Every structure is written in C-alpha cells, then in structure tokens.
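If you're wondering where the values come from, they're calculated on a predicted model, not measured in any experiment. Below, chains carry the letters A, B, ... as their sequence lines are ordered, and counting in each starts from 1.
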Amino acid sequence: MLTRKQLLTGTGAAALAASLPAGRAEAQAPVTLDVVHAYPSFARFFAPIAEEFTKANPNIRIAFRQIMPNYDELHQSLLRGALTHQLPDVAFSGFNRLPELARTLAARNQILDLGPLIAAEGPTWAAENFSPRMLALGKVDGTQFGMPFNASSPIAYYNPELVARAGGNPDAFPDSWDGVIALGSRIKQAVPSAMGVSYYINSFDSDWLWQALVQQGGGRMLAPDGKTVAFGDAAGLAAVRLARRFVTECGMELIGADQNRQQFATGGIGIIFDSPARLAVITGLVGGRFPLRTSPFPITDKQNGGVPTGGNAAVIMARDDTKRRAAWEYVKFSAGPLAQKIAVEMTGYLPTNLRAAGPEFLGSFYEQNPNARAAALQADRSLPWEDYGANGPRIHRAQQEILTSIMRGDITPEAGLARMVEQTTALMRAA
Amino acid sequence: MSARTPQARTEARWGAIFAAPALLLILTILLAPLVVLVALSVTDYRLGAIALRLVGFDNYAAMLADPVLQRSLRNTFLYVAFVLPAAVFGGLGVALLVHARIHTRTVYEVIYFLPVTSTLVAMATVWQFMLHPTLGPVTPLASTLGFGRIDLLNDPDLALGTLALIGIWQLIGFNMVLFLAGLSAIPRELYEAAALDGARHGADRFLRVTWPMLGPTTMFVTVTSTVTAFKVFDTVVVLTRGGPLGSTETLLYILYLEGFQYFRMGYAAAMTVVLLVFLAGLSILQARVIERRVHYA
Amino acid sequence: MRVGRILGGSAAHAVLAAGAVVMLAPFVWMLLTSIRPPEEVFVAVFDPIPSRFAGIENYGQALTESNLPRAMLNGAIVCGGILAVQLLTAIPAAYALARLRFRGRELLFALVLFGLCIPIQVPALPLYIALADLRLLDTYFALMMPFFLTVFGLFLFRQFFRTYPEEILQAARLDGMGEFEIVWRLATPAALPAIAAFSVFSVVAHWNDLYWPLIVVTSAERATPALGILAFRDAETGGNYGALMAAAALITGPMIAGFLLARRAFVRGITMTGVR
C-alpha cells in the first residue's frame, strides 16, 4: 500500500508505474483531466487530439482551461496556481520556462517525475519513439519532468515574387545573414513601399527570435553554469548589429508582430522570420496573393551555431493516483505518432516522435507541403531555448525595450548590448 | 433638544437596520482591504509565502528608485492631464450644444452615449484594426489631412496620446449625460432674472447662471473622470501591453504586472497605497477648487 | 440677430455632426468588416461593399469556434447577481441616509463620499489574497463579490430619496405603515426611474469589466465577455479580422441594445436625481 508521502516522491511514481500493466490504463470510473496550454490558435490541434484520445480511452475526458495567450502568461498562471491550490492536472509548458517551473514545483512536491513511467513502458519504448536530443528538451537537472509535445525552430518565410523583382533567385534563399540583408536591401530598392526584411524582435512575444540571432552566430545567452550572462561577447555584438542593419539597410519599420504578419501577407514585406507553428495561419492570411515559400534559418557559425528549440512539453501535476494514471496515458498519447501527425499537419511543427515521420502518418504530408519541411531540415541544429530563472518574463520586457532602442538608433549597438547584459544580470540576481 | 420620542426611536432603529448591510459591505470590501493594504505595503510578502518580514518603508524607497515605476507615474499623469480637461469640457460643450437642439436631441444623445455602453475591450480590437499603419483607414486619412506618415500605436511619442484619444472617445458621452441632467435642472427664472440684470449674450448667461448652477455636477463629473482616467487599463492590455518603449506603461498596468504576474504583493500594495493617495488627494483638491469658484444663486 | 441665430444653429449642428461621425466610426467599421470575407479584409482601396457577403460565416465562426456564448451567459449571470445584491443593500441604506435620523448617519455618508474616489483596483489585491486562501477563486462568487458594494448607487439613490415629498411619508406613517413597508412598497416603486438608470450603469460596467475577471478567472467556464473577446482575438492572431469584428459586435451588442430599450427610463432617472 502506498503511503501519501511515498506518492509525493519519485519512489511513489516508480511504484505507481510498476503497478500499471505496461501500456494499458486500468478502466475505472470516468476521469476528467484538467488541462491547460498556451496560444488559443493551438486549439486547432489540441482539440482534435483530445477527441482522438477520448475515442481510444473512453473513460477519460479532457477539459481545457481558458487558454493562455503565450508561454510567459501560462508560466505565471501556473506559478500562481501552485500557490493558490489551483494547479491543473496537465500543463504544456514552454521549453524556456520549463526549468524554472519544474524546479519551483518539485521543491513543493507538485510535479511528477516521468522517468519511472517511461521506464515502465518497456526497455525499447523510449528509443523507438524519441531521439535523445528530443527527450533532453524535457529534462531539468537530469530528471525527466516534461514530455516534449511541440518542437520547432525559427524559419524564414518569404515572398518569391518580391525576391524575383529584386533580382534574387527564389529557389536559393541566402544562407548567410549578409546575404539576407543584401537581398532585403535590393527588395527595398525595387519596391520602395515595402520592407525588405522584418525581424521583429521589438514586438515578438518572447525572446526566442533574439536568442536565435545570437545562437546562430555561435553565441549563447548563458554560460554553462546557468548563472552568468554570456551574450555580451562577439556573437551578441554581431546580433545587435544585425538588428540595427535590418532597419538601416532593409527598410524595416518597427511595428507589432501581428501587424508584421498581416503586412507580409498582403505583399508588403519580402522576408520575415517566425515560428513554423504559424505556417497554417500565415498560409491562410496570404491566400492566393503570392506563392508563399519557407526556408531554414541561416546559420553563420556552422560548427557551434544553432537555433533555440521552441515549443512545449507536457508536465503532470495531478496529485491523485487515478488522475496520474489517466494523465500519463494522455501525455503518452500526445507524444505518440498519431497525435504528432495531427499537430504537424495543423501547424508546421517538428514532430517530436520518430515514428511520426513514417509513411502511415506524415509520409505524404511532407511531399504535398514542401513549406513544412523547413523546420524538419534543421532538426539537427536544435539547441535549448535558454531560460533566466524566476525573473524571465521581466528580463524579456527589459531586453525588448533596449533592443527596440537599438533598432531605432536611439542608442548604439555596443552601448545597448552592454546595458542588456547589465540589466539581465541585475534582474537575475534580484529574483 | 434631543427628545427621544417613540417616533425618533423607531426611526433610529430602522435607520440602523436599513444601513447595516451596506455598512457591512463597506467594512469588508472597502475598509478592511485598505487596512490590509497598508499593512502589506510594509512587508516583503510574495503570494503564497509562508513567512513575511516587516521591511518598513523599503518598498516605498524602492518605488522612488525604480525607473519603471517613475516612468509609469509620468505616463499616468500625462494621460490624465490630456484626458481630464478634454473629457470634462468636451462633455460640457457637447451637452450645451445638444441641450439646445429640439428635433435632433435624442439622436445625438444616443450617438454620443454609444461608446460608453460598448465593451472597451471589444472596441479596442476595432481601434487596433483601424489604427493599423498600412491596413487601417486612419493612417491614410491622417496623411491626406497633412499629418504625414504617422503610426499612432507604434510611435513611442504618439502611442500614449492615441490611448488618451480613445479614452476621451469613451468618456465624453458619459459626461454629456450628466451635464444634460444638470442643465435641465436649472430653473428658467434664473435666466430671466439674469436677462433683466443686463445679461444679453450667450456667454454672459453662461457665466452668470449656467456655470455656477452646474457646480455640483461639474464636481461630480470631474471626480469621476479623474478616477476613470487614472485607472486606464483595458486599452493598454489590448493595444500596447505597455509598449512601445514603455511609453504606455501606466500605473495600474505596472501594478497588475507586479502584483498578479510577478507576485510581489508587498511592493504592489505600496503602489496601490500611492495610487490611493493620488486619487484621494486629487478628489479633495478638485472639490475644494470647484466649491470656491461656484456661487450658489 | 436672426442670421446670427441661424448661423449659430448650423455651426452647432456641424460641430455635433462631426463629433458624431467620430463617435460612430468604430462601430461602422466593426460592422462593415464583420461581413467581409478574409481575403477582402486587407485591401488597398476600401470598398464598403464586399464582393461576397460573409456575414453568416463570420458570425457563425464567432459563435461556434470561440467561447463567446459561454462568456455572454456568464456575463448575464454575474451582472444579474451583482445588480440584485446592489439593489437589495443600497436602496434601504440610501433611504435611511436620506430620510431617517440614526446614529452614525454622517459617518456613513462620509464613507460613501470617500468610496466614490476608490476604484475596485485599490482593494483588489487583499480581496484576491483572501479569495485565494478561501479557495474561492474562479467562482461566480469571486466574480461578483467586490461589486456587491456600490457607493455610486448609495449616492444616487440618496439624492433621489432626498427629493421625495415628506408629506407622503408622514401620511403613510399615520396610516400605520411600518418603515420597512414604506421603503419597499412606497419609496422603491417611486424610485423606479432612478433604479432603471442605475441598473443600466451597473450592468454595462460589469458586463464590460476586464481587470477583476482577468485576475480571478482561470477556467474557460467562468470567462466573462471581456475575457471571451480577448481569447478570441489571441486565437485569431490577425488571421480573420472579419470573424473578430463579428465577435466584437456580438459582445458589445447586448449592451447597446439594452441601452436603446431602456433609454427613456435611463434619462428620466438621471434627470430626477439631478446630481446636485
């Protein structure tokens, strides 16, 4: 008989896992799982996946909470929920906030270690379904707290007609940033009313695009100890200089993220960079105006450069035994090939499951939707989306303000970078 | 003489009974929280913390040194300074004009009050579309009016003003209705008497009769408009989230972030106390100023 | 002089009309966009008549692909609950403040005046903490509770009751009516215009409220109208403005319709209390 205390620790999870017949949940009285995720537009795939799951597991219902606008607000609401006894059973936390979330909740015994549950699925289950790099995205301090659900890295979206008008080759997207800026500059000259390139870190809802600009040049946001700011180096300087050059050389104007996408869709911007998760939305916005194309993110440092992996992982916070079993089935299903196929088809995300690329799932999808390939092509360039700890959201707001100032030309890139390092360090310490 | 007649006693008893529920609500919803607020403001309470420490005036000192907070105070005061006169005098102006209409009065009353009834969050999304730099109608309209290419929401110098204009848009009808009520309560005889005294022109009549008689209404309108302007929030959430460059971060928005996103309850409590002091102070000031300038006929 | 009057009249009309255009512009834009299909929302030259009437799809999408119906139902529940308690507590108290002498009357009125300059955002923090401790967050009670108190209502009804003729009250007392009866059978019906006016203010304010629901609501089941439209806007991420404008129209529609219906009573009520 498991004691409550044992349940609350990892040994409890192991015992729980051991008591599960491999791969099948005990059919008991109907269970309703309280689930929360971010980005209301993701309901497009969360809802069908929940339906498929309930079809396969008729006694488990999925009830979604009010969807959070973005990962930061989801994170804040989860932290608030931990304190006000309002945690859901399952949450899909952004990768960059996962370490902070897991550490906070683990200290209060409010999050489940998924390691034993994975092990209980059998010795080859993990290797068959997930690459080690993928699973690593859900690990915090060596413990598997999250099950990767959506994964993506930034890609380029471009308008081949504007590229052609600028004398570029629509089939050969530049693979260096100098090349991108040169192309953007020519687009601006050819079509003065349009922006050549828009890299909207001034209004993007997280620091993902900013981290990408640093990481592609071989830089990192934090030192390996996770405590010291590391982007004050040459890679960081190169990144802020690029940010300013978009404005001075490619005609970029500083407007909102949504406004950028709308303007791109109406033919007013040549190249934008965004999440592959937005592929469906942007394709819909563009409609038939021009033949939308995508391309992998240019990487300057071919050795050490990479791109931050955005997306989210499922974490289980349910306290009670039955709910935990049900939650594990749901999480397992979400990371399974069928659910991944649904998610990828609705968005442009990278499947986290190896088997999802197989012919009976996504095989033909990539043939018919070449734009969705861009994310998959850079899978081996995935780096973690780095997080600054408890003050992450505040740090993002502070950094975004300085970046906007740099891009406006109010402050030099060098001075701006120094200020960013200083403020980030101060805020990390103040947490 | 306080003769406690049976009548007086009954009155007193019923008076107390009738007032009791409201008084109870005032205690629990207004006064008790205020006390807790002041108490919290001298601690370092974070939501869910097990223990809290008394930190004296540290929170207030931190507020003085916090550039984000200083900026939000400046922005809020700018916003109020913009909205208040425009909403009060605009409402008065519209009320005066509408009051004199005969056939079209109802139509105008309804049209001007529509923004007040509408859901600001919903209308802000409409404004967001209208103010889009390339896809909305306002920017090209501004160009043709000679303003050049301006971006009302993305330009740090203009964003706060834009929010203020939307705030005025939403408030002016409310003030108009209150002034209209005040205007219709002014007895006609006063105007006749003033005419006999030599008041000929509209401006004269306004200054001698209308304005003084509107005193209490003006005070009410000013106080409520001030409070409304100070608590600007919906448009910031929907349109700018404090940007660009923090130019639309207002006191209440920062308070919301600090208290309900970062959980620094002690600090947020101190900020609320400051907000309260400003509101109470401004209200008292306005009441005094208006009372002094108004002569009751 | 007559010319002056005519000119003055047309100038007044011109100013009012210009202002009216500005007041109405967003509503017109909202309705026009709500019937446009997605591909025609962003066009270089604005043509008011869309080539395809997409009203059904846009409004349909707004109703089915969002939480709007639920949000509006919650709006009705919350506003109704708040109004009920407000009237039940404020009317007798206002009557007492206006017509009865009792100990603490001055103090109570001073508190009412004090409360007029304190918006909900001030006591919000401690109230939130208290509700969190009591595990009452994300409930209808949490949504309604802070607004049970209405100093505005107390003020407004007191104004009205002050003008109520004393003779009627005396006559009623002589007839043997108790104070309780007087309040509910005599004074309240006479105050109906003021009650109507106040109800409009109250329902509109709470239907449209964002700050408090944003803080206390986490589940989709308790979303209020403001939260509903916010969620829908985020879901659209600029994808289908037609549906978004349709949603905006649906959310704000009931308030406008209600106001138009209650307008006469509303205006009379305001005039009778004549904030003096």
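- Atoms CG and CD1, from B/Leu30 and C/Ile118 in turn, are 4.5 Å apart once rounded to the nearest 0.5 Å.
- Heavy atoms of B/Val98 lying under 4.5 Å from chain C belong to its backbone as well as its side chain.
- Listed for the B/Tyr112 side chain is a donor-acceptor partner under 3.5 Å among the backbone atoms of C/Leu16.
- Using a 4.5 Å cut-off between heavy atoms, C/Leu154 contacts chain B through its side chain alone, with no backbone atom that close.
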Carefully, step by step, assess B/Phe129 and C/Leu244 under the rule side chain to side chain contact (heavy atoms under 4.5 Å, CB included).
-> CA-CA 10 Å; B/Phe129 185 17; C/Leu244 182 59; over 6 Å; no
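- In this structure, B/Tyr45 and C/Leu125 have side chains that are not in contact, with every pair of non-hydrogen atoms separated by 4.5 Å or more.
- Per-residue heavy-atom pair counts under 4.5 Å with chain C were compared for B/Ala22, B/Gly90, B/Gly259, B/Ala124, and the maximum is reached by B/Ala22.
- With a 4.5 angstrom heavy-atom cutoff, B/Phe260 touches chain C only via side-chain atoms.
- The side-chain heavy atoms of B/Leu31 and C/Leu111, taken from C-beta on, include a pair separated by under 4.5 Å.
- Side-chain contact between B/Leu40 and C/Ile129: present, with at least one pair of heavy atoms (C-beta onward) separated by less than 4.5 Å.
- Of the two parts of B/Phe174, only the side chain, counted from C-beta on, holds a non-hydrogen atom closer than 4.5 Å to a non-hydrogen atom of chain C.
- Aromatic pair C/Phe102/B/Phe18: ring centres not closer than 6.0 Å.
- By number of non-hydrogen pairs under 4.5 angstrom with chain B, the leading residue of C/Asp133, C/Leu149, C/Ile91 is C/Leu149.
- Proximity of B/Trp14 to C/Val183: side-chain heavy atoms (C-beta onward) are nowhere separated by under 4.5 Å.
- Taken from CD in B/Gln261 to CD1 in C/Ile215, the straight-line distance is 10.0 Å, to the nearest 0.5 Å.
- When the candidates C/Cys117, C/Pro123, C/Gly228 are compared by the number of heavy-atom contacts under 4.5 Å with chain B, C/Cys117 comes out ahead.
- Between C/Arg233 and B/Val238 there is a side-chain heavy-atom pair separated by less than 4.5 Å.
- With sequence neighbours left out, the side chain to side chain donor-acceptor pair (under 3.5 Å) criterion links B/Thr28 to no other residue.
- Annotation: maximal heavy-atom pairing with chain B below 4.5 Å, among C/Tyr95, C/Tyr128, C/Phe152, C/Trp207, occurs at C/Tyr128.
- For C/Met30, the parts lying near chain B are the backbone and the side chain together; criterion is any non-hydrogen pair under 4.5 Å.
- For chain C, the option among B/Leu34, B/Thr125, B/Leu180, B/Ile172 with the highest count of heavy-atom pairs below 4.5 Å is B/Thr125.
- With chain B as the partner, the residue from C/Gly19, C/Ala226, C/Ala90 showing the most heavy-atom pairs under 4.5 Å is C/Gly19.
- Contact count versus chain C (heavy atoms, under 4.5 Å) is highest, among B/Met130, B/His132, B/Met219, B/Met271, for B/Met130.
- Of the listed residues (B/Pro115, B/Pro140, B/Pro21), the one with the most heavy-atom contacts under 4.5 Å to chain C is B/Pro115.
- The distance from the CZ atom of B/Arg13 to the CG atom of C/Leu100 is 11.5 Å, given to the nearest 0.5 Å.
- Contacts of B/Gln170 with chain C are absent, with no heavy-atom separation under 4.5 Å from either backbone or side chain.
- For a residue to count as touching a neighbouring chain, one of its non-hydrogen atoms must lie under 4.5 Å from one of that chain's; by this rule C/Phe27 touches chain B with backbone and side chain alike.
- Of the listed residues (C/Leu214, C/Asp209, C/Leu210, C/Asn208), just one forms a side-chain contact (heavy atoms from CB on, under 4.5 Å) with B/Asp234, and that residue is C/Leu210.
- C/Leu116 has its side chain out of reach of B/Val223: every pair of non-hydrogen atoms, C-beta onward, lies at least 4.5 Å apart.
- Listed options C/Ala94, C/Pro126, C/Ala96 were ranked by heavy-atom pairs under 4.5 angstrom with chain B; first place goes to C/Pro126.
- Between chain B and the options C/Ala249, C/Gly104, C/Ala248, C/Ala124, heavy-atom pairs under 4.5 Å are most frequent for C/Ala248.
- Contact of C/Phe259 with chain B is made through the side chain alone, with heavy-atom distances under 4.5 Å.
- Of the two parts of C/Ala17, the backbone and the side chain both hold a non-hydrogen atom closer than 4.5 Å to a non-hydrogen atom of chain B.
- Applying the side-chain contact (heavy atoms from CB on, under 4.5 Å) test to B/Ile111 and every residue at least two apart in sequence or in another chain returns B/Val107, C/Ala20, C/Met23, C/Leu24.
- The shortest side-chain heavy-atom distance between B/Val110 and C/Leu260 falls under the 4.5 Å cut-off.
- Pairs engaging residues 96-123 of chain C under the side chain to side chain donor-acceptor pair (under 3.5 Å) rule: C/Arg99-C/Glu166 [sequence neighbours left out].
- For the options B/Val121, B/Val227, B/Val126, B/Leu96, heavy-atom pairs under 4.5 Å to chain C are most numerous at B/Val126.
- A distance of 10.5 Å separates CD1 in B/Ile17 from CD in C/Glu179, rounded to the nearest 0.5 Å.
- Using a 4.5 Å heavy-atom cut-off against chain C, the contacting residues of residues 278-285 of chain B are B/Leu279, B/Ala280, B/Ser283.
- The contact between B/Trp169 and chain C is made by backbone and side chain atoms together, counting heavy-atom distances below 4.5 Å.
- Looking only at heavy-atom pairs under 4.5 Å with chain C, the residue among B/Val94, B/Thr226, B/Thr106, B/Thr224 that has the most is B/Thr106.
- For B/Thr117 (side chain) and C/Met255 (main-chain N/O), no donor-acceptor pair under 3.5 Å exists by modelled atom type.
- When heavy atoms are compared at a cutoff of 4.5 Å, B/Ser118 approaches chain C by way of both its backbone and its side chain.
- Residue C/Pro225 does not touch chain B at all, counting heavy-atom pairs closer than 4.5 Å.
- Taking the six-membered ring where the residue is Trp, B/Phe113 and C/Phe201 present perpendicular rings, their angle passing 60° and hence far from 30°.
- If you measure heavy-atom distances from B/Met123 to chain C, the contacts under 4.5 Å come from the side chain alone.
- One distance of note links OG1 of C/Thr89 with CG of B/Leu23; it measures 11.5 Å at 0.5 Å rounding.
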